[in-house]
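Right, one structure below, let's go through it.
Letters A, B, ... mirror the listed sequences (proteins, then strands); counts begin at 1. All values reported here derive from a predicted model rather than from experimental measurement.
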Number of protein chains: 2
Amino acid sequence: MDELHGPFVRKLDALGPLQTADKIALAAIEADAKYVQSGTDLIRDDDRAEGMIVVLEGFACRYKRRKNGQRQIMAYLVPGDVCDLDALDLNRMDHAIGTLSNCRVARIKPDVVSDLRLRPAVIQALQTAARVDEATLRVWLVNLGCRSAVERLAHLFCELFVRLRSVGLVQGNSFLLPVIQYDLADTTGMTTVHVNRSLGALKRAGLIGRKGKHLTIFDMPRLMSVGEFQPDYLYARKQVGGRDHSLPNGTAGLTATDALIPV
Amino acid sequence: MDELHGPFVRKLDALGPLQTADKIALAAIEADAKYVQSGTDLIRDDDRAEGMIVVLEGFACRYKRRKNGQRQIMAYLVPGDVCDLDALDLNRMDHAIGTLSNCRVARIKPDVVSDLRLRPAVIQALQTAARVDEATLRVWLVNLGCRSAVERLAHLFCELFVRLRSVGLVQGNSFLLPVIQYDLADTTGMTTVHVNRSLGALKRAGLIGRKGKHLTIFDMPRLMSVGEFQPDYLYARKQVGGRDHSLPNGTAGLTATDALIPV
DNA sequence: CGTGACTTTGAGCAGATTCAAGTCTTGTGG
DNA sequence: CCACAAGACTTGAATCTGCTCAAAGTCACG
C-alpha cells in the first residue's frame, strides 16, 4: 500500500501514523512538484520565508557560507524530508537551502500549510521530524568535533543508509548518492583531496564501493563500528500513545546485523 | 526593575515580553533552586526526562561522550538558560547535561511546567529560546566544520559575551568564564594543549586577557572579525506582533562597536 | 571525440596532536 | 594562616593527520 505513495507520505506516516484522509492531502502536494537543477538555491540566507519545502527526488542540503566562500553543509534533505519555514521565528532564514543534485521539489504555500495544520497526525509527524532533524544536528556536531576523516564518512554513509531505507530508496546494500566529493568535503569539514583518500581507505578496507553515483555498503557491521554509528537518533523511540520503534530483540534502535537486512 | 529579577526572568522577558504575573510565576521558580557542584550530571544520556531545568548561576553544558571517553560539548547553558525536557519527543535524552562549574540550578516539576504553559507569553518565550538554541547549534557546526583553532575560540568568546550581557553578567568588557581549558577543548574539538597555545595567540595579539576565571575582551571589533562573529542568530529578529530587535543604525543585529558598549 | 567537470595521485607543508616535563593556582587540612 | 597536594596551566620536541598545490587520469554529455 505504502509503495503507492511518494516519499513524503511514507516518511510522515512512519513518524506519526496518518489517516487515509491525511495521506490523500499529502499526496496532492506530492503531485504538484517541480524539477529543479542541481546547484539551485531553494531558499537563500536572509530570505523571508513562508510555507514549506519538500524534497521528493534527489538530494538538497542546508548550508552556510563563510565570507571567504567556504561552504559548510549542515544537513542533507533526502526524498521525503521537509523544511518547515513557518517554524522559524520571524520567518527569516539564518542559512540557505540548495540542491546537491537535480531534484523534484514541492513548495507548499502558507494557506495549504494552514490546512495541513488542521490535521493532528500531520502536526505530530512534522514536529517529530523537526526533533529528529535537531538530534541529527547534534550528532553531526559530534562527528565534526571528535571523529577522524574516515570515521566521519563512515558515520555519514550509515546515516544516509538508514534514512534512505525508511523511504524505500535502498536496494540491497546500495543506494543512489548523487553528490560529488566536493559536497562530501563541505559536509565533513575536510578537503576534496582528503575525502578522496579517505574514501579510498574505506574501499580498500572492503567496507564500501562506488559505481557511478551508487554507493554500496559491503560490510555494514564494520562500517557502523568504524563510524560509531548508533541509529537511535533517527527514530522516534517512543511516541505518546504512538507505536514503539524498538526492535524485537529488545535492543533499542538498530543493531549491526539488522541494518544489513533490507526492509 | 529588571535588575530585581534573576537571569531566568530577564532572559524570557527579553525574548517574549512578559506580563507582571508571568514574572512573578517565574520568580517563584528562581527562588526554589539548589546548589550543585562542578562536574555533576543534571541529566544523563538515555534518561527518561520530565519537566525543565534552569541554570541560575554558573555554567552547565549539553554533551555527548564517545565510547573512548572523548567528550563533545554541544551547547553551553549559562544563567537564564533553560532545558525543556518535555519538548523532547519521547522524553528521552540523546545526550547528557552536566555542570562545568558550581551552579545554582532549579528543577521545574512537570505540573509546574504545565502551569507555566498556560501563560501565552511564557510559551512564546520558551519557543523562541528553543529556536535560538537550534540556530546556535548550526553556528557551532560551522565553527567546528570550517574555522581554525583561533577563530573558533574567538567566535565562542564573542557569543558568550553577547549571551551573558543579555542577562547582565558582563562588567565592562569582561565576564566570569568558569570553565577550564579542558572544557574549551571539548567544546572546540581540539586538545587542551592547542587551546592553551591558541589562547596565548589571542592574548599576545592583544584581543583578550584572562585573570583567574575572568575573561576580558580588549578589542571586541577585532575579536569579532577574527571569529567572523555575526550575533544575529542570538536574537529573535522580528517577532510576530512583538518588538523589533534591530538596531537604530539599520543594520540587523549588533555591529562591532555596539558590542563594546556595555548595556 | 572533445570539452568540462569530476576523480585520483604525488610531494611538500602546516596545523594540530601526543607525550612529557615543569610551573602556577587553588583549595583543604593541620 | 601556612603548607601541601591536587588540579590546572604552560612549554618543548617529535609526530601525524589533513591541507595545498599541481598534474594527470576518467567519465559524461553534447
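Within the 4.0 angstrom heavy-atom criterion, no nucleotide atom of any strand lies near K213(A). S148(A) comes within contact range of the sugar-phosphate backbone alone, with a heavy-atom separation under 4.0 Å but no base atom that close. Note on G189(B): only backbone sugar-phosphate atoms sit closer than 4.0 angstrom, heavy atoms only; bases stay farther off. K211(B) comes within 4.0 angstrom of nothing in the nucleic acid, heavy atoms only.
With hydrogens and angles left out, the side-chain atoms of Q181(B) and N196(B) include a donor and acceptor closer than 3.5 Å. Neither side chain, D45(A) nor Y63(A), offers a donor N or O lying under 3.5 Å from an acceptor on the other. Checking Y76(B) against T187(B) by side-chain atom types alone, a donor-acceptor pair falls below 3.5 Å. For H5(A) and R10(A), the side-chain atoms include no donor-acceptor pair closer than 3.5 Å.
Taking atom CE of residue M190(A) and atom P of nucleotide dC19(D), one finds them 7 Å apart after rounding to whole Å. Taking atom CZ of R210(B) as the reference point, atom P of dT26(C) lies 11 Å away to the nearest angstrom. One interatomic measurement links the two molecules: NE2 of H214(B) to C1' of dT26(C), which rounds to 15 Å at whole-angstrom precision. Put simply, CG on L153(A) is 14 Å from C1' on dT17(D), counting in whole angstrom units. Straight-line distance from the CG atom of D186(B) to the C1' atom of dA8(D): 14 Å, rounded to whole Å. Remark: C1' of dC19(D) and OH of Y182(A) are 15 Å apart, rounded to the nearest angstrom. Rounding to whole angstrom units, CG of residue L199(A) and P of dT9(C) are separated by 11 Å. Computed from coordinates, the R152(B) CZ to dA16(C) P distance equals 7 Å when rounded to whole Å.
Nearest heavy atom pair, residue R62(B) against residue L77(B), reads NE-CD2, 4.4 Å. Closest non-hydrogen pair, A149(B) versus S198(B), comes out as CB-OG, 3.5 Å. Of all the heavy atoms in D94(B) and K64(B), the pair that sits closest is O-NZ, 2.9 Å.
Residue Q181(B) places at least one side-chain N or O closer than 4.0 Å to OP1 or OP2 of dT10(D). An OP1 or OP2 oxygen of dC9(D) is reached within less than 4.0 angstrom by no side-chain nitrogen or oxygen of K203(B). Taking only side-chain nitrogens and oxygens, T191(B) never comes nearer than 4.0 Å to OP1 or OP2 of dA16(C). Between N196(A) and the phosphate of dT8(C), there is a side-chain N or O to OP1/OP2 separation shorter than 4.0 Å.
In this structure, of dT7(C), dT10(D), dT20(D), it is dT7(C) that holds the atom nearest to the side chain of I180(A).
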Just the atom pairs and distances: protein N or O near nucleotides 10-13 of chain C's N or O, under 3.5 Å.
from: dG10(C); atom 1: N7; to: R197(A); atom 2: NH2; distance (Å): 2.4

